[in-house]
Engineer: 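Below you will find the structure I want to go over with you.
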Amino acid sequence: MSKNVVEVVGVCRTYKSARGEEVHALENVSLTVSEGEFVSIIGSSGCGKTTLLRLVAGLDKPQSGTCSLNGAPIVAPSPKSGYVFQQQSLFPWLTVEGNIASGLKARGVYKQYKDEVPKYISLVGLDGFEHSYPHQISGGMAQRAAIARSLINRPSVLLLDEPMGALDSFTRAGLQDKLLEIWRANGTTMILVTHDIDEAIYLSDKIVIMTPRPGKVSEVLEVKFPHPRHRGGAEFLGLRRVILEKLNLASAQPQPEYRI
Amino acid sequence: MTIRELSDVKFGFTVIFTPLGFGLALVASLVIPTPDAVINDTAYQVILAGLMLLYLATGALAWFRPNRREQFAKCAPFRFVMGLVLLAWDLLGTKYGALPMPFFPGPSKITWVFVEERAFLFTNMLYSLRLYFCGFVSGVVAGVGTGIIIGWFRPANYWIMPALKMTGVIPAVAWMPFALTVFPTSFMAGCFLVSMCAWFPIGFQTARGMQTTQKVYFEVAQTIGGGRLYALFHVALPNALPSIFTGISTANGLAFTTLVMTEMMGARGGLGYYINWAKAWSSYYKVYAAIIIMAVLFSLIMKIISVIQARALVWQKGLTSNVEERG
Ligand SMILES: Nc1ncnc2c1ncn2[C@@H]1O[C@H](COP(=O)(O)OP(=O)(O)O)[C@@H](O)[C@H]1O
Ligand SMILES: [Mg+2]
């Protein structure tokens with residue numbers, strides 16, 4: 001049994017809404033992710049997926065419960081947990097190359113590791129775009145650059161918050177394959193937030209289903225069948241039906257909105 | 001006949017057309033006698049010939065670089081009419097004395113000042129340039145410095161920002177009485193005023209540019225291992241750069257005004273001082289000469305700033321063309 005990289009135990013996080021009401025974004029959420037695992041978190045909008053990911057990244061703190069990374073409590077953001085944001089987050093004033101190198105520069109280790117920059121540019125397939133600025137490249141390319149910027153620090157876990165949410169389905173399929181390729185090449189532990197059931201099945205070892213109000217983990221499913229997974233295959237479609245049912249059963253809302 | 005040949009013919013026409021106005025003005029100046037014996041036409045004629053040569057040369061250059069042709073052709077009517085305007089002014093002012101003197105001298109009289117008084121004008125120009133650089137550079141440094149402090153430290157924003165906003169609306173020259181008594185030399189007083197008028201807009205824009213940084217960029221800085229200094233110098237400050245340049249452009253206009261006003265009111269040198277001095281002698285043609293130098297000088301400075309700005313902000317949207325997604 002491999003060691004646990006991320007451990008979230010009994011975490012609660014409440015926000016005050018603008019009207020002063022308490023919003024239970026997360027209530028008693030627990031999650032463990034072991035080394036090299038690819039975990040997807042799936043659930044409707046507002047069920048606390050981003051909140052959970054931000055807690056793991058150290059960008060936010062729980063009111064109760066604990067989060068730890070490699071056995072140590074998470075107190076602040078660190079390059080040990082890479083984070084790819086939902087919105088475009090490349091520094092617009094740096095080129096693709098500059099953005100990827102900024103991962104090293106921020107830690108002050110650029111001189112030591114600068115040979116890594118071209119390797120990571122190639123890893124995410126951005127050769128030839130080193131000198132482009134973020135506004136000159138497409139959304140898919142920008143997310144790949146953001147992934148490389150996090151990966152260059154060799155994080156213990158890469159946290160991805162709906163990195164493909166804003167992409168068209170072709171670009172999205174391409175990025176999914178890229179992500180698998182990177183995962184296989186680097187063995188990085190990944191936690192991916194998504195609202196796309198197919199994406200979760202296609203990529204992950206483990207699917208965490210969350211439900212809203214209050215945000216909870218309702219189910220954790222293991223995906224056992226091997227890669228490459230055929231999106232039209234019997235196992236794939238079977239699991240897809242199971243997840244759809246779970247989401248419907250688990251949801252408090254009569255007609256939830258799932259973008260598939 | 002191919003399209004290429006046709007455009008050569010058309011373009012050849014614009015190359016001749018462009019300097020034609022100046023040519024006509026030159027011919028008129030040479031052929032028609034000047035009644036006033038005191039007026040020397042030489043400088044004016046040399047300038048006209050120089051303009052003709054300049055535009056013929058740029059036209060020739062554009063002939064071999066077709067991408068410059070359109071720009072050259074676009075300017076052709078304006079340059080032609082500029083020549084005609086000079087021609088009309090010369091006829092009315094110099095040749096037939098139809099304009100009221102001494103307020104509206106002809107172009108010959110004004111341009112001859114550049115020769116006649118070149119040393120004095122040049123010294124005064126250097127005075128102005130020195131004042132501009134000392135004042136403006138220190139204003140930019142002080143403005144960006146203040147802006148960083150206000151934009152980065154919350155208490156500074158609370159206490160200093162309102163003061164900056166309130167004092168910012170006061171024209172810097174209003175402080176002149178104090179500046180002149182507090183500082184030992186009029187140069188230092190002028191320097192202070194120019195620097196102060198640049199300080200406010202730049203400080204304000206720097207702070208605003210930093211404060212409008214999207215939160216996600218700071219969070220990115222944290223997750224890639226950057227500290228406070230990284231967030232300041234590699235996130236907030238680059239984010240403020242477009243705004244800082246907006247401040248610099250505003251400040252630049254104000255600095256020219258303040259510069260000339262301080263020179264006119266207390267200085268012992270500079271183009272503003274020269275204008276005052278010429279006015280005292282009712283030499284209005286010299287005032288025009290100084291104004292022309294200012295126009296050229298300030299335009300050059302603005303051009304230099306905009307070139308620096310374009311270099312520093314290449315990363316901004318809309319300044320370069322988009323690249324297609326590959327693969
Ligand atoms: N900073 C915040 N302030 C107030 N409410 C928040 C904040 N962040 C999240 N919430 C609320 O917490 C709930 C969960 O949000 P989030 O984690 O962003 O959901 P998801 O990513 O699954 O769409 C939502 O109801 C949201 O309105
Ligand atoms: Mg979210």
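To find a chain, count down the sequence lines: A is the first, B the second, and so on, and within it residues start at 1.
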Engineer: Over 60° means perpendicular and under 30° means parallel, so classify the ring planes of Y217(B) and F91(A), tilted if in between.
Structural biologist: tilted

Engineer: So W93(A) and V235(B), do their side chains get closer than 4.5 Å, heavy atoms only?
Structural biologist: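 Heavy-atom side-chain distance check passes, below 4.5 Å.
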
Engineer: Please report the C-alpha distance between I224(B) and R149(A) in whole Å, then the side-chain angles of each, then the deciding distance to 0.1 Å, and finally whether the side chain to side chain contact (heavy atoms under 4.5 Å, CB included) criterion is met.
Structural biologist: CA-CA 8 Å; I224(B) 60 175; R149(A) 175 173 64 183; 4.1 Å; yes

Engineer: For Y127(B), does the OH atom have more than 12 heavy-atom neighbours from other residues, nucleotides or ligands under 6.0 Å away?
Structural biologist: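 Open.
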
Engineer: With a cut-off of 6.0 Å (strictly less than), are more than 12 heavy atoms of other residues, nucleotides or ligands near CZ of R231(A)?
Structural biologist: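 Enclosed: over 12 neighbouring heavy atoms sit under 6.0 Å from CZ of R231(A).
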
Engineer: For the residue pair H135(A) and Q316(B), establish whether any side-chain heavy-atom pair is separated by less than 4.5 Å.
Structural biologist: no

Engineer: If we define contacts as heavy-atom pairs under 4.5 Å, which of Q222(B), E219(B), H234(B) has the most with chain A?
Structural biologist: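 Looking at each option in turn, the highest pair count goes to E219(B).
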
Engineer: Is there a side-chain contact between V220(B) and F85(A), using heavy atoms and a 4.5 Å cut-off?
Structural biologist: yes

Engineer: So which part of S89(A) gets closer than 4.5 Å to some heavy atom of chain B, the side chain, the backbone, both or neither?
Structural biologist: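 Backbone plus side chain of S89(A), per the 4.5 Å heavy-atom cut-off to chain B.
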
Engineer: Using non-hydrogen atoms only, which part of S102(A) is less than 4.5 Å away from chain B: side chain, backbone, both, or neither?
Structural biologist: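 It is both, since atoms from each part get that close.
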
Engineer: For W175(B), does the CH2 atom sit with more than 12 other heavy atoms under 6.0 Å from it, leaving out its own atoms?
Structural biologist: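 Open: at most 12 neighbouring heavy atoms sit under 6.0 Å from CH2 of W175(B).
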
Engineer: Should the heavy atoms of other residues, nucleotides or ligands under 6.0 Å from CE of M294(B) be counted, would the total exceed 12?
Structural biologist: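 For M294(B), atom CE is crowded (more than 12 foreign heavy atoms under 6.0 Å).
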
Engineer: Do other residues, nucleotides or ligands put more than 12 heavy atoms under 6.0 Å from the CZ atom of F218(B)?
Structural biologist: yes

Engineer: Would you call Q88(A) and V216(B) a side-chain contact if the rule is heavy atoms closer than 4.5 Å?
Structural biologist: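 A side-chain contact under 4.5 Å is absent here.
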
Engineer: For the residue pair G225(B) and P79(A), what are the closest heavy atoms and their distance?
Structural biologist: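 That would be CA-CD, 3.6 Å.
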
Engineer: For Y133(A) and V314(B), run side chain to side chain contact (heavy atoms under 4.5 Å, CB included): C-alpha distance rounded to whole Å, both residues' side-chain angles, the deciding distance at 0.1 Å, then the answer.
Structural biologist: CA-CA 9 Å; Y133(A) 284 98; V314(B) 273; 3.7 Å; yes

Engineer: Which residue out of N153(A), L104(A), L126(A), L159(A) racks up the most heavy-atom pairs below 4.5 Å with chain B?
Structural biologist: N153(A)

Engineer: Which bit of L90(A) comes within less than 4.5 Å of chain B, counting heavy atoms only: side chain, backbone, both or neither?
Structural biologist: backbone

